[in-house]
Amino acid sequence: MNTKTLDHPELAERFNRDEERVDWHDQTLWWIRQKRDKAAHTLPEWEALREAASRIKLNVLDNLDEYLVQFEANALSNGIIVHWAADAAEHNQIVHKILIDNQVSQMVKSKSMLTEECHLNEYLGHHGIDVVDTDLGERIVQLAGEPPSHIVLPCIHKKKEEIGEIFHQHMGTPAGLSDPQMLAGLARTDLRERFLTRRVALTGVNFAIAETGEFVVCTNEGNADMGAHLADVHIASMGIEKIIPQRKHLGVFLRLLTRSATGQPITAYSSHFKRPRAGQTMHLILVDNGRSVHLGREDFRNSLKCIRCGACMNTCPVYRRSGGHSYHSAISGPIGAILAPNLDMKKHADLPFASTLCGSCSNVCPVKIDIHQQLYKWRQVITQEGEASAAKSASMQVMSTVLSNHWIYKFGGSIGRKFMQWFPGLVSNKLNPWYKHREMPTPPEQSFQEWYAQNRKNP
Amino acid sequence: MSSRDNILAAIGKTKRNDREPSPLPQIPTSDTFNDRLIERFSETLTGVGGQVVRVTDWLDIIQHIEQTYRQVSISPAHRIVTTLPELSAVAEVGWSGLSPHLLADADLAIIGAHFGVAENGAVWLTESLLGHRAAPFICQHLAVVLNASNIVPTMHDAYERIGDAEYGFGLFMAGPSKSADIEQSLVMGAHGPKTMTLFLMV
Ligand code: SF4
């Protein structure tokens, strides 16, 4: 990315130059959030499920080393080759070595945010390896030379006309196409040929089961399966926090994951890989890359519970109106803003400030991560370390006023969604660093802003 | 030290002696989906793009395939494959020993399923039913045969039923392959089958 020097407010401001697109982005993600609500409401036990998921993950975080060892032993006895990578560089080297050992210079890859985090494509590209992303959204951004802007909806920032143009330039399709059905069909034909000819396929991992040594990959497109089942070599890359103890726990997570992500009851495919098929080699790479450090940060370790559903992004008023690329990190949105400073605090010091701390993210999170509270804590850490610029310190003070007054904060929580609609009013002031040039839409009622201004004077 | 040892040691250091590790919770139960299993399953699967066809015996399925696929297929060399010997009158059997790549021209694959899940319309399949792991993905259209008495209410019931079953590969599949990556417009047949028909044997 060429955006390293720009921070979130500047990148958000760029995204906001195209007002129509921002409105579409905002409304579409909110629509997905509403689909999530509808799906969640079909299950009376939804809250009990979230609680169970959160506790299972807590148990995992408390015993991660033991579960990893158990998983490794079972995976090995299933015939899977297990690798350990301390960091992104080691992960990338392991993948490269597997490709060299198999005398292969081309590979298909399904969605894996971990490989985005590790910048695997760039690394392999430098070594002459051609990687084709096979998830439709990821393929589109790959052709456009961009990173995904959302962990579940990689090209949510692109309009269909732009996608038609990208296909025209890179795949030689006729100019001026914009029908989604037709564009998807063209990509299907193009990628099918690659699935049939590539000998190595890399996939991500959604869940790995310590008890059985199997791992589960969820997709709607079937691209992970098309790659893995046709290739001689399957490489699966996973962060060490993806472990869950037992197979039956999948019942909890698979009920939550897709309902939270898109409002579907389950993804089209939830594939359980336990052994390589006859004649196939299966590699699994366990990647740390800062996770063990994060695990030691008492205030932030809970964020390792994340199952990457994207719900916190879809609901976030800042994400929806600033776009995933403004976070300049592989994982964007509220959860990305917690994970990124762990890897590089200086580079990502701006991200915990890209939030109104409205708490909507924490309310929708299927594993009950206290996202907004962690963002608030990061601000304190970052300010103490002297990484925050003056504007953000000021902005943080406004937010800390809100948070330090329990009554105000509780009030905010109790009126939930309505409060969020009001938030743009609250943050539309000079201290708001991520929207400084743009007046936010008028809040439905002015009362909260007035009320807030009044009450701030005499708490 | 190897990376493995380093990682495990680093995790070990984060453990705290001043508190017990958190225990595993009970898995919540649900009776929301206990009634109307067949209807719920059919409605949900239809909602995610599947087509449910109720049949009473194999002959029904054979007739349906004759009428539907033989007529609409525009490819003169259209190919129907199955793992179910009962359907050998309309579909090719005995391909599982050949390369999965040879399924690239399969128009329709017909396979059996272990059971269905009412809450999400998914069916549970394992390698032994697939002929090839790639079979339900590489075909243009997919049909699955499920006995209506094999429907469980939720995913908790599903995993209870799976128990510690042994398989090399297994999957829950709910409807055809799909993508909404282009402006959130739903397109069926992203990479895998464009349609999924479920023959529900009642
Ligand atoms: S933090 Fe929670 S809501 Fe956000 S992506 Fe992760 S699991 Fe989903």
Side-chain angles (χ1 to χ4, degrees), chain A residues 28 43-45 48-49 52 55-56 58-59 62-65 68 84-86 90 134 136-137 140 153-155 159-160 163 180-181 183-184 188 191 196 220-223 225-226 229-230 240 245 247-248 250-252 254-255 264-266 268-275 277 288 292 295-296, chain B residues 2-4 6-8 10-15 21-30 32 44 48 100-101 104 119-122 127 132-134 137-138 154-156 158-160 162 164 167-185 187 189-192:
Chain A
T28 304
L43 303 186
E45 66 272 30
L49 274 175
R55 296 237 210 129
I56 294 167
L58 189 61
N59 172 272
D62 283 351
N63 302 283
L64 187 56
D65 48 356
L68 282 166
W84 298 72
E90 191 174 6
T134 58
L136 177 57
I140 292 165
L153 320 161
C155 70
K159 304 298 293 172
K160 56 183 192 271
I163 295 167
Q181 182 90 36
L183 292 170
R188 174 186 171 100
L191 288 168
L196 288 165
N220 271 323
E221 298 185 5
N223 57 316
D225 290 274
M226 277 292 272
H229 304 322
L230 291 169
I240 51 175
R247 192 184 263 171
K248 70 173 184 201
L250 285 168
V252 174
L254 293 182
R255 295 188 83 192
Q264 293 168 263
I266 190 169
Y269 307 108
S270 309
S271 299
H272 300 45
F273 294 86
K274 188 150 186 268
R275 299 172 187 280
R277 66 170 202 276
D288 181 345
S292 58
L295 190 64
Chain B
S2 67
S3 287
R4 177 185 187 278
N6 280 326
I7 294 168
L8 291 174
I11 295 168
K13 268 196 235 143
T14 67
K15 290 197 168 181
S22 358
L24 281 171
Q26 287 287 314
I27 292 181
T29 52
S30 168
T32 318
T44 315
V48 295
H101 290 78
E119 73 160 312
N120 55 25
E127 197 157 31
H132 272 300
R133 292 181 185 187
F137 298 96
I138 198 169
T154 70
M155 291 299 280
H156 306 308
Y159 280 104
E160 198 158 298
I162 294 169
D164 56 4
Y167 49 77
F169 173 72
L171 82 150
F172 284 103
M173 179 169 67
S177 155
K178 52 180 78 70
S179 173
D181 275 343
I182 302 175
E183 281 197 18
Q184 285 299 296
S185 318
V187 174
H191 298 293

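- Residues A/R255 and B/T154 approach most closely at NH2-CG2, 3.9 Å, considering heavy atoms.
- When each of B/V48, B/D164, B/V187 is checked for heavy-atom pairs under 4.5 Å with chain A, B/V187 comes out on top.
- At a 4.5 Å heavy-atom cutoff, the contact between B/K178 and chain A is made by backbone and side-chain atoms alike.
- Interface summary for chain A: among B/A134, B/A104, B/G170, the most heavy-atom pairs under 4.5 angstrom belong to B/G170.
- In this structure, a donor-acceptor pair under 3.5 Å is present between the side chains of A/D62 and B/S22.
- Between A/R277 and B/E127 there is no salt bridge, since no side-chain nitrogen of the basic residue lies less than 4.0 Å from a carboxylate oxygen of the acidic one.
- By number of non-hydrogen pairs under 4.5 angstrom with chain B, the leading residue of A/A52, A/S270, A/P245, A/G296 is A/S270.
- Side-chain contact between B/S2 and A/W84 is absent, with no heavy atoms from C-beta onward closer than 4.5 Å.
- Put simply, of B/H132, B/M155, B/H101, the one with the most heavy-atom pairs under 4.5 Å next to chain A is B/H101.
- Looking at A/Q264, the atoms closer than 4.5 Å to chain B (heavy atoms on both sides) all sit in the side chain, from C-beta outward.
- When heavy atoms are compared at a cutoff of 4.5 Å, B/A158 does not approach chain A at all.
- The distance from atom CG of B/L8 to atom CG of A/L64, rounded to the nearest 0.5 Å, is 8.5 Å.
- Both the backbone and the side chain of B/P100 come within less than 4.5 Å of a heavy atom of chain A.
- No other option in A/L43, A/I240, A/L250, A/L254 has as many heavy-atom pairs under 4.5 Å with chain B as A/L250.
- The shortest side-chain heavy-atom distance between A/I266 and B/E119 does not fall under the 4.5 Å cut-off.
- Taking all atoms of both residues into account, the shortest heavy-atom contact from A/P265 to B/N120 is CB-CB, 3.6 Å.
- Side-chain contact check for B/S179 and A/E221: at least one donor-acceptor pair (N or O, by modelled atom type) lies under 3.5 Å.
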Next item on the list: Could you walk me through whether B/Y159 and A/R247 pass the side chain to side chain contact (heavy atoms under 4.5 Å, CB included) test, one step at a time?
Entry: CA-CA 7 Å; B/Y159 280 104; A/R247 192 184 263 171; 3.9 Å; yes
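- Side-chain contact between B/S185 and A/Q181 is absent, with no heavy atoms from C-beta onward closer than 4.5 Å.
- Nearest heavy atoms, A/A268 versus B/P176: CB-O, 3.8 Å.
- Heavy atoms from other residues, nucleotides or ligands lying under 6.0 Å from CZ of A/R275 number more than 12.
- Residues A/D225 and B/M173 have side chains not in contact (no heavy-atom distance under 4.5 Å, counting atoms from C-beta outward).
- You'll find the side chain of B/Y167 reaches within 4.5 Å of the side chain of A/H272, heavy atoms only.
- Using a 4.5 Å cut-off on side-chain heavy atoms (C-beta onward), B/Q184 and A/L153 make contact.
- Between the A/Y269 side chain and the B/S177 main chain, a donor and an acceptor come within less than 3.5 Å of each other.
- When A/A86, A/P44, A/P180 are compared by the number of non-hydrogen pairs under 4.5 Å with chain B, A/P180 comes out ahead.
- The pair A/K159-B/E183 meets the salt-bridge criterion, with a side-chain N (NZ, NE, NH1 or NH2) lying under 4.0 Å from an Asp/Glu carboxylate O.
- The two residues A/S292 and B/T14 come nearest to each other via the heavy atoms O-CG2, 3.5 Å.
- Contact tally against chain A (heavy-atom pairs below 4.5 Å) for B/I162, B/T44, B/L171, B/N6: the top residue is B/L171.
- Proximity to chain B is limited to the side chain of A/L68, based on heavy atoms less than 4.5 angstrom apart.
- Contacts with chain B were tallied for A/I163, A/D288, A/L230, A/N223; A/L230 has the most, counting heavy-atom pairs under 4.5 Å.
- Residues B/D181 and A/P154 share a closest heavy-atom pair of OD1-CD, 3.8 Å.
- Most heavy-atom pairs under 4.5 Å with chain B, from the set A/L196, A/L183, A/T28: that is A/L196.
- Between the side chains of B/T29 and A/E45, no donor-acceptor pair is found at a separation under 3.5 Å.
- Summarising the geometry of B/K15 relative to A/D65, their closest heavy-atom pair is NZ-OD1, 2.9 Å, with the distance given to 0.1 Å.
- With a 4.5 Å cut-off on non-hydrogen atoms, B/S30 touches chain A through its backbone and its side chain both.
- Heavy-atom pairs under 4.5 Å with chain A were tallied for B/A180, B/P28, B/A122, B/G12; the largest tally goes to B/P28.
- For the pair A/N59/B/P21, no side-chain contact is recorded, criterion being any heavy-atom separation below 4.5 Å from C-beta on.
- Aromatic ring centres of B/F137 and A/H229: separated by under 6.0 Å.
- Once rounded to the nearest 0.5 Å, the distance linking NE2 of B/H191 with CZ of A/R188 reads 8.5 Å.
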